[in-house]
Trainee: 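Sharing a structure below in structure tokens format, with a few things to ask.
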Amino acid sequence: MLVVALIAGGAGGLAGGLISSSGEQAAPAPDPGPTINEPPSEAPERAPDTIAGVAQRVSPSVVSLRSAGGRIGASGSGFVIDGDYVVTNEHVSTPLEEDGIIIEYSDGKFSLATVIGSDPTSDLAVLELEDPNDVEPLEFGNSDEAVVGDEVIAIGAPLGLAGTVTQGIISAMDRPVSSDEGQSQFFAIQTDAAINPGNSGGPLVDIQGRVIGVNSMIVTMGGGFMGEQPGGNIGLGFAIPATEAEQVVKRMIGTDDAENTGPADLGVTYDGESPVIGAVIAEDDDAVEPGGPADAAGLQPGDVIVSFDGRRVNSHGELQAMVRDRSPGEEIELEYERDGERETATVTLGSGE
């Protein structure tokens, strides 16, 4: 599990071809793309499928967040989705919440906002706008269809510089990452698009303007934590995949088609200090929740989970990211070691809420 720094700071398309009446396969229907903003009338015209064209149309829906009282220096980015909500990172919204949050649009307009849901493990939060601006909501894309080499664009307010656009590619998929504070774990989209403190919560979009990731973390060569000695971009940024982010956001605003049961969970407490490779269940008597998923599958304190649905488990953080990628109620086969013997169990995932 790669441990990386949070980046708050203050200074897919339609698939498949159509069969014609003659029985021959017709060309697939062109993807119309998402509905996004018209470019500013005063701006030179750029084609919508260029970096400049995407930036012109997406930027009005990207916002920056700051403290309403001015006492807190931390800031970050976010983006507007349907229903006058703003998606951002939990590590951006939480420090600002007590002081009140102001949302600033790219045209300089402001709105107060209230946090209606946050989740530190996925590092996501949703805010409701008090006086929303008239912008097109951004759409989540299908990050499961993203591949290494796809072109991406990051838009946000790094170092407080609102409206900053950077471009790059997806440099890796399914990168297991954990925040330096240990709360957030997920399988990230890795990008070389320049991401710096303040980009947190902003969108990583594809060449059509769909959100395929929520920027969250970076690896930095700086000499300390972001607030002490800010480190710059070194080409390793990490975004929460859109498919996961959309599910979490839907739970927060109550539009999930499934029952609002929260993220999947095993019902165990891990030994985070163990040097053993794998996810070590703590030796405490209450480390396995009585009647929980792991208990029902026969797991015990001290067991070391080494495989989850056929995927090798190297650490408890990696396992937590694997579990979060699933839904409550799924049956998963896992392997674990006990007293030097490897055993197999089938666990039905529970809910973390």
Side-chain angles (χ1 to χ4, degrees), residues 1-2 4 7 12-18 25 27-36 47-55 57-58 62 79 81 87 89 122-124 138-156 165-178 184-195 199-219 233-249 308-314 317-318 321-327:
M1 202 73 178
L2 180 64
V4 293
I7 50 172
L14 301 176
L18 302 177
Q25 184 170 345
D31 187 347
T35 301
I36 47 182
D49 58 351
T50 62
I51 300 298
V54 172
R57 291 162 173 80
V58 171
V62 179
F79 56 95
I81 62 169
V87 174
N89 287 148
S122 64
D123 195 24
L124 288 167
L138 298 187
E139 297 179 14
F140 286 105
N142 186 355
S143 57
D144 290 342
E145 295 184 354
V147 298
V148 172
D150 280 350
E151 199 167 28
V152 289
I153 305 161
I155 305 178
V165 177
T166 54
Q167 175 263 348
I169 62 168
I170 293 175
S171 53
M173 293 291 297
D174 295 328
R175 183 73 76 195
V177 295
S178 174
S184 306
Q185 304 97 13
F186 52 87
F187 285 91
I189 296 173
Q190 179 180 306
T191 179
D192 68 350
I195 295 175
N199 269 120
S200 272
L204 188 71
V205 302
D206 62 19
I207 199 63
Q208 291 185 310
R210 291 189 177 94
V211 177
I212 63 163
V214 182
N215 298 319
S216 177
M217 306 178 188
I218 61 173
V219 169
N233 164 70
I234 60 170
L236 290 172
F238 302 95
I240 305 158
T243 49
E244 177 181 340
E246 186 174 20
Q247 290 178 353
V248 175
V249 167
F308 181 86
D309 196 27
R311 298 179 66 177
R312 179 178 175 178
V313 174
N314 294 300
E318 193 167 300
M322 292 179 183
V323 172
R324 288 193 58 83
D325 209 29
R326 300 306 183 108
S327 299

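Counting begins at 1 with the first residue of the sequence.
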Trainee: Would you compute the distance between atom OG1 of T166 and atom CD1 of I195 and round it to the nearest 0.5 angstrom?
Mentor: 6.5 Å
Trainee: Which heavy-atom pair separates E145 from D150 by the least distance, and what is that distance?
Mentor: O-OD2, 4.4 Å
Trainee: Write down the atom of V62, the atom of P203, and the distance for their closest heavy-atom approach.
Mentor: CG2-CG, 3.7 Å
Trainee: If you look at every heavy atom in M173 and V148, which pair is closest and at what distance?
Mentor: N-CG2, 4.1 Å
Trainee: Do T191 side-chain atoms and I169 backbone N/O form a donor-acceptor pair below 3.5 Å?
Mentor: yes
Trainee: Are any non-hydrogen side-chain atoms of I170 and I212 less than 4.5 angstrom apart?
Mentor: yes
Trainee: Does the side chain of I155 reach to within under 4.5 Å of the side chain of F79, using non-hydrogen atoms?
Mentor: no
Trainee: Specify the closest pair of heavy atoms between A193 and A154, including all atoms of both residues, with the distance to one decimal.
Mentor: CB-CB, 4.4 Å
Trainee: Holding to side-chain hydrogen bond (donor to acceptor under 3.5 Å, both in side chains), I want the full list of residues that pass it with S143, two or more places apart in sequence or in another chain.
Mentor: T243
Trainee: Locate the shortest heavy-atom distance separating F238 from Q190; write the atom from each residue and the value.
Mentor: CE2-OE1, 3.5 Å
Trainee: Looking only at atom types and distance, does a side-chain atom of R210 sit under 3.5 Å from a main-chain N or O of D206, one as donor and one as acceptor?
Mentor: no
Trainee: Where is the tightest heavy-atom contact between N199 and A194, given as atom of each residue plus distance?
Mentor: OD1-O, 4.0 Å
Trainee: Rounded to the nearest 0.5 Å, how far does CD1 of I189 lie from CD of E244?
Mentor: 10.0 Å
Trainee: Distance check, rounded to the nearest 0.5 Å: R312 atom CZ versus M322 atom CE?
Mentor: 10.0 Å
Trainee: Taking the side chain as every heavy atom from C-beta outward, state whether F187 and E318 have any atom pair closer than 4.5 Å.
Mentor: yes
Trainee: Here's a test for you: under side chain to side chain contact (heavy atoms under 4.5 Å, CB included), which of S178, S122, S216, P176 qualifies with F186?
Mentor: S216
Trainee: Picking from N215, V248, N89, what satisfies side chain to side chain contact (heavy atoms under 4.5 Å, CB included) with I240?
Mentor: N89
Trainee: Could you state the interatomic distance from CG (L124) to CD (E246), rounded to the nearest 0.5 Å?
Mentor: 11.5 Å
Trainee: Is V165 close to V54 at the side-chain level, that is, under 4.5 Å between some pair of heavy atoms?
Mentor: no
Trainee: For D309, what residues pass the side-chain hydrogen bond (donor to acceptor under 3.5 Å, both in side chains) criterion, not counting sequence neighbours?
Mentor: R326
